[in-house]
**Student:** 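This is the structure I have questions about; it appears just below.
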2 protein chains.
Amino acid sequence: MKIRNTRPTMDDVAEKAGVSQMTVSRVMNGKGYISEEVRSRVRSAAAEIGYVQNRLARGLRSEKTPLVAVVLPTLGNSVFNDVLSGITDALTQAGYRPVFGVTEYSEAKEDELVRDLLSWRPSGIVLTGLEHSDVTRAAIAAAGVRVAEIMDIDGTPISLAFGMSQIAAGHATAKHMLAQGHRRFAYAGSHSGRDLRAGKRLEGFRRTLRDAGATLLSENISSKPSSMMEGRRMTAEILSRPDRPDAIYYSNDDLATGGIMHCLSNGIRMPEDIALAGFNGLPFLEALPVGLTTVETPRYEMGKQAGKFLSMPETDLAEDAGRVVDLGFNLIAGQTC
Amino acid sequence: MKIRNTRPTMDDVAEKAGVSQMTVSRVMNGKGYISEEVRSRVRSAAAEIGYVQNRLARGLRSEKTPLVAVVLPTLGNSVFNDVLSGITDALTQAGYRPVFGVTEYSEAKEDELVRDLLSWRPSGIVLTGLEHSDVTRAAIAAAGVRVAEIMDIDGTPISLAFGMSQIAAGHATAKHMLAQGHRRFAYAGSHSGRDLRAGKRLEGFRRTLRDAGATLLSENISSKPSSMMEGRRMTAEILSRPDRPDAIYYSNDDLATGGIMHCLSNGIRMPEDIALAGFNGLPFLEALPVGLTTVETPRYEMGKQAGKFLSMPETDLAEDAGRVVDLGFNLIAGQTC
DNA sequence: GGCCAGTATGTTTACGTAAACATATAAGTA
DNA sequence: TACTTATATGTTTACGTAAACATACTGGCC
């Protein structure tokens, strides 16, 4: 008996089935003409010796792979869990597979990551946001891969963007809070200001306040990752200042929930003593004792549509280039303002 | 000027730098002897023409890849988000990359997915739980990849398992509830009973009740995905029955939170009228008006350790085979029982 | 001066697959 | 009948890389 220390190849299947390697290839990929008899002989030979195709060889030869690179800023936030879920669902349906990595909101890491992911010769890539370095842009252009940018639409996409206007979300929140009569605001965010989309929301928020003549007393950016506990700490700190705001805008629901916790623990009434607003519309908000005012975002849908776009059969990309798909958002007025 | 429609290869870099392709390969991989002068010439030539290595060719030739296959039941649960986060962190540190897919708690899909992922010739694979079909076991054995099984340790791992005892968690919860004086129980779970780890927790729970002479009135399994709303609906339904329990054990925190919501909305006191317990110890529980009794699990750590194991330099696997790493759990006594 | 070890490079080849091209038989059509 | 066309298979080759195996030049040592 022949000793194999390597995994079976098409040649092994071919020998077993008494055909050529090319015939095996045709059977496996369902291309070209194959008689029923040979097809079944090859199939059973493959099953018998446990043949598993080698995608590396396939990808090398055919110069394309069913891979899609996915670049996310973090997995430490359930937002990106939903996005990744949408991407995975869409890709899986089309027989594609995601390979991914996280940038931790760092441009340098994005550059490195994109370069590394492109070395797998994926057929597409998902990027978060619209801001990317020239290095990344050049690498992507040279690779000739399809690109989907998600989350944000305030800017010019490389190819096609699936998201919502972060600026408009900030604007809508400010407008709502102003309508409730609040005038003195504070902002609380995290990630050392590297979260560009949070920055755009703040920009929209800030501008709307300015236009209304209201005051943004302080912009507080924590260097720690966003969490309820950090939101609680920041809120306590903000409210302890002499220059006390009557409303706080948080960069996301986790921080805002920490704010709610602080207020509940200290008998601070919402919205009478302080108004709060978050962002994302995470499911757990429904279970809180106080309904948080927030902006619900189509997270899963952004991922799903991006995945679908990237796994579509080759279509004319030129007509889509630079276009934006606005999936909108939904301001949910809760009890906190 | 030469027209290239293909991406630059080592040959292109070699030509530009006036060396052989093999020298380029040596520079790129830092193997063998290379003079400083040639090294920098190759480096700048590569940078100038935008060379990006082709991992498909590299993997094909060297018969190994820095890929790790990751098989999870779902991404619709933040539990697996944490796990994936841990895996990704560990792998990234070691220069490995995850390729993943979800099984939706289906064995057939697991078989298919594992086969597909193995076609990328990964150096390792992460599986969820210890129960796998013979097909999957055979495929993995034939592929000769390292295996890490996560979440569960109640059984015999293929190689090494990182998790906690689900049975013990069920037992601990039952013991705690019994100690509070509860005697008439109901169970509420989801995923059509295909979640084997939830089944093990129930098993431990059930057995402990039996040993104590308490009653498990009903086991309710929803076919819908787990969510707070579904937990709320199930709770309403269970409490409306003539045969009313005085305690409900949920398969996870989301369902249990739905139970809390139902009780709060209907003036049902916890734990006087009904005791509740969940599982996972998700962060948002801290913000609920009522502290849920639950079991906190080391989700991130399971992923992290599994990832670390799979990205370790080749060590002797034999000594580890069949071993289990118990990362424990932590019963958190809340206000619901 | 001859020899060895270390350093620095080059040449050939194989990894497993699918594209491109070639061949052959059967069935239909002018 | 000759001539296409559809069907069914085989042969050769290239994808980009790294392993294996050369080759050549240095400097130190007896």
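The sequence lines fix the lettering, A, B, ..., with proteins before strands; numbering per chain opens at 1.
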**Student:** Distance only, no hydrogens: is a donor on one side chain within 3.5 Å (strictly under) of an acceptor on the other, for B/Glu107 and B/His132?
**Tutor:** no
**Student:** Between A/Lys16 and A/Glu48, does any side-chain N to carboxylate O distance fall below 4.0 Å?
**Tutor:** yes
**Student:** Regarding A/Arg55, tell me which of base, sugar-phosphate or nothing describes its non-hydrogen contacts under 4.0 Å with the strands shown.
**Tutor:** nothing
**Student:** Report yes if at least one side-chain N or O of A/Tyr33 is closer than 4.0 Å to OP1 or OP2 of D/dA8; otherwise report no.
**Tutor:** no
**Student:** Heavy atoms only, 4.0 Å cut-off, all strands: where does B/Met10 land among base, sugar-phosphate and nothing?
**Tutor:** sugar-phosphate
**Student:** Which part of the nucleic acid, if any, lies within reach of A/Leu60 when heavy atoms closer than 4.0 Å are counted: base, sugar-phosphate only, or nothing?
**Tutor:** base
**Student:** If you assign each of A/Glu36 and A/Gln21 to its closest nucleotide in DNA chain D, which residue comes earlier from the 5' end?
**Tutor:** A/Glu36
**Student:** With a 3.5 Å cut-off and no angle check, do the side chains of A/Arg121 and A/Thr65 form a donor-acceptor pair?
**Tutor:** no
**Student:** When you match B/Arg61 and A/Met22 each to their closest nucleotide on DNA chain C, which lands nearer the 5' end?
**Tutor:** B/Arg61
**Student:** Between which nucleotides of DNA chain C, read 5' to 3', does contact with chain B run, using atoms under 4.0 Å from its heavy atoms?
**Tutor:** C/dT7 to C/dG16
**Student:** Ion pair present between A/Lys304 and A/Asp89, side-chain N to carboxylate O less than 4.0 angstrom?
**Tutor:** no
**Student:** Between B/Thr23 and B/Ser20, does any side-chain donor sit less than 3.5 Å from a side-chain acceptor?
**Tutor:** yes
**Student:** Describe the nucleic acid contact of B/Ser20 in one word from base, sugar-phosphate, nothing, applying a heavy-atom distance below 4.0 Å.
**Tutor:** base
**Student:** Do B/Asn81 and B/Arg299 meet the criterion of a side-chain donor-acceptor pair at a distance under 3.5 Å?
**Tutor:** no
**Student:** Starting from the 5' end of DNA chain C, give me the residue, B/Arg39 or B/Glu63, whose nearest nucleotide shows up first.
**Tutor:** B/Arg39
